[in-house]
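Taking it in order: structure first as structure tokens, then the write-up.
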Number of protein chains: 2
Amino acid sequence: MKTNPDRIEEQIGHFRKVLRKAGVKLTHQRLVIFREVARSGDHPDAITIHRHILKKIPTVSLDTVYRTLWLLADLGLITTLGPPHGGARFDANMHSHHHFICTNCGLAHDFYSEEFDQLTVPASVGTLGTVNKRQVELRGLCSKCARKKKQSICQESEQGGVDHG
Amino acid sequence: MKTNPDRIEEQIGHFRKVLRKAGVKLTHQRLVIFREVARSGDHPDAITIHRHILKKIPTVSLDTVYRTLWLLADLGLITTLGPPHGGARFDANMHSHHHFICTNCGLAHDFYSEEFDQLTVPASVGTLGTVNKRQVELRGLCSKCARKKKQSICQESEQGGVDHG
DNA sequence: GTTTATGCAAAACCTTTGCATTTTG
DNA sequence: CAAAATGCAAAGGTTTTGCATAAAC
């Protein structure tokens with residue numbers, strides 16, 4: 001489960017297959033961008049990825065990086081951290097709680113669970129730093145978006161829709 | 001544990017105390033902004049908060065909302081969802097995994113736990129939507145930032161420092 | 001009264017979009 | 001060769017900053 005070279009090549013095989021199946025062209029840029037995200041274990045943002053890609057393809061543009069990343073996300077080859085795109089979101093609930101997050105519209109709903117509050121921090125995490133807060137993120141499709149998707153298309157929702165070209 | 005009026009007034013009492021203790025002025029704007037974040041259970045972004053505040057203080061500016069939100073976060077009165085500010089972050093690790101997130105520098109490190117992979121989704125969440133992914137977020141200070149804080153100030157770090165005035 | 005916060009305007013970002021050119025299948 | 005992706009440049013958003021005015025202690 002590490003980002004070792006063998007695993008990355010395995011992932012790239014899958015990447016090629018998914019692109020072909022989706023009828024999407026396999027360009028050099030797309031391959032290098034995907035490899036970069038797969039290689040780096042620290043969940044970089046678009047600009048960090050662009051900086052790294054520039055060393056391999058000096059002419060690549062930032063907007064290609066963005067377009068590719070959202071394409072890969074749409075194809076299910078990568079995911080994003082936190083709520084789907086948009087600005088910082090704030091939370092005044094300082095009690096131990098957890099979140100259900102809709103990966104389509106960004107809805108974030110609190111819920112409570114004594115079981116989740118008491119999760120034991122794995123020993124391996126101790127070497128990374130000090131844990132102040134344990135929070136479970138359950139990600140999926142909220143009922144509203146599920147309904148809309150069923151009807152036809154999920155284009156609008158309370159917190160803003162999702163659409164990357 | 002709901003955002004009912006009583007609980008909010010209780011939170012506001014705490015809010016006043018923390019501001020006084022920190023030697024920070026208690027302005028009308030700050031009070032209204034804090035109350036708005038406390039009131040809304042859906043973790044709004046700055047612009048959504050601003051829109052709501054405008055109904056109560058028609059002259060409030062968006063930059064005051066931002067300044068206030070980050071101030072409240074620094075005072076520990078509110079938190080942010082996901083990695084601390086910055087753009088979208090990408091993850092090519094499609095295996096079930098979990099994150100340690102440094103709330104200071106934004107470092108996000110994967111770790112694995114069979115126990116965490118198998119968390120039982122509470123029944124109450126079923127009404128919100130369909131869960132595709134369960135992911136635990138352990139939040140705290142990474143060892144690098146802890147070291148820097150100890151030395152003097154944590155001003156710089158790999159993924160960008162934190163400093164809101 | 002002094003210090004601090006606000007509002008304004010402008011700047012600095014990050015992200016997306018339209019279009020001519022290049023590349024892929 | 002047709003269809004699609006890239007790079008460029010420009011626009012669209014969001015977030016931050018400097019400074020005069022206004023408000024809190």
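Being a predicted model, the structure only gives us computed values, none of them experimental. In the text below, chain A, chain B and the rest are named by the order of the sequence lines, each starting its count at 1.
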For nucleotides 5-7 of chain C, list the nitrogen or oxygen atoms of the protein found under 3.5 Å from its nitrogen or oxygen atoms, one pair per line.
residue: C/dA5; atom: OP1; partner: B/Arg30; partner atom: NH1; Å: 3.3
residue: C/dA5; atom: OP1; partner: B/Arg30; partner atom: NH2; Å: 3.3
residue: C/dT6; atom: OP1; partner: B/Thr27; partner atom: OG1; Å: 3.0
residue: C/dT6; atom: O3'; partner: B/Gln29; partner atom: NE2; Å: 2.9
residue: C/dG7; atom: OP1; partner: B/Gln29; partner atom: NE2; Å: 3.0
residue: C/dG7; atom: OP2; partner: B/Ser61; partner atom: N; Å: 3.4
residue: C/dG7; atom: OP2; partner: B/Thr64; partner atom: OG1; Å: 3.1
residue: C/dG7; atom: N7; partner: B/Asp63; partner atom: OD2; Å: 3.2
residue: C/dG7; atom: N7; partner: B/Arg67; partner atom: NH2; Å: 3.0
residue: C/dG7; atom: O6; partner: B/Arg67; partner atom: NH2; Å: 3.2

Margin query: In whole Å, I'd like the distance from the CZ atom of A/Arg51 to the P atom of C/dC13.
Written below: 13 Å
Item checked: Set of residues satisfying side-chain contact (heavy atoms from CB on, under 4.5 Å) with respect to B/Leu119, sequence neighbours excluded -> A/Glu115, A/Phe116, A/Leu119, A/Val136, B/Arg134, B/Val136
Note to self: Other residues, nucleotides and ligands only: do more than 12 of their heavy atoms fall within 6.0 Å of NZ on B/Lys133?
What the structure shows: yes
Margin query: To the closest 0.5 Å, what do you measure between CD1 (A/Ile78) and CH2 (A/Trp70)?
Written below: 8.0 Å
Check: Expressed in angstrom and rounded to an integer, what is the separation of A/Leu19 atom CG from D/dA4 atom C1'?
Finding: 12 Å
Notebook entry, point to check: Atom CG of A/Leu62 and atom C1' of D/dA9: how far apart are they, to the nearest Å?
Noted result: 13 Å
Item checked: side-chain contact (heavy atoms from CB on, under 4.5 Å) partners of A/Glu9, counting only residues at least two apart -> A/Ile12, A/Arg35
Next item on the list: Measure from NE2 on A/His50 to P on C/dC14 and round the result to the nearest Å.
Entry: 13 Å
Check: D/dA24 C1' sits how many Å from B/Arg16 CZ, rounded?
Finding: 13 Å
Checklist line | Whole-Å distance separating the CD1 atom of A/Ile53 from the P atom of D/dA5 | finding: 18 Å
Next item on the list: Select base, sugar-phosphate, or nothing to describe what B/Ile47 touches, counting heavy atoms under 4.0 Å on all strands.
Entry: sugar-phosphate
Checklist line | Nearest-angstrom distance from the residue atom CZ of A/Arg89 to P of D/dT14 | finding: 13 Å
Check: Is the backbone N or O of B/Glu10 less than 3.5 Å from a side-chain atom of B/His14, with the two atoms forming a donor-acceptor pair by type?
Finding: no
Checklist line | Reported CZ-to-CZ distance for the pair B/Arg16 and B/Arg30, which is rounded to 0.5 angstrom | finding: 13.5 Å
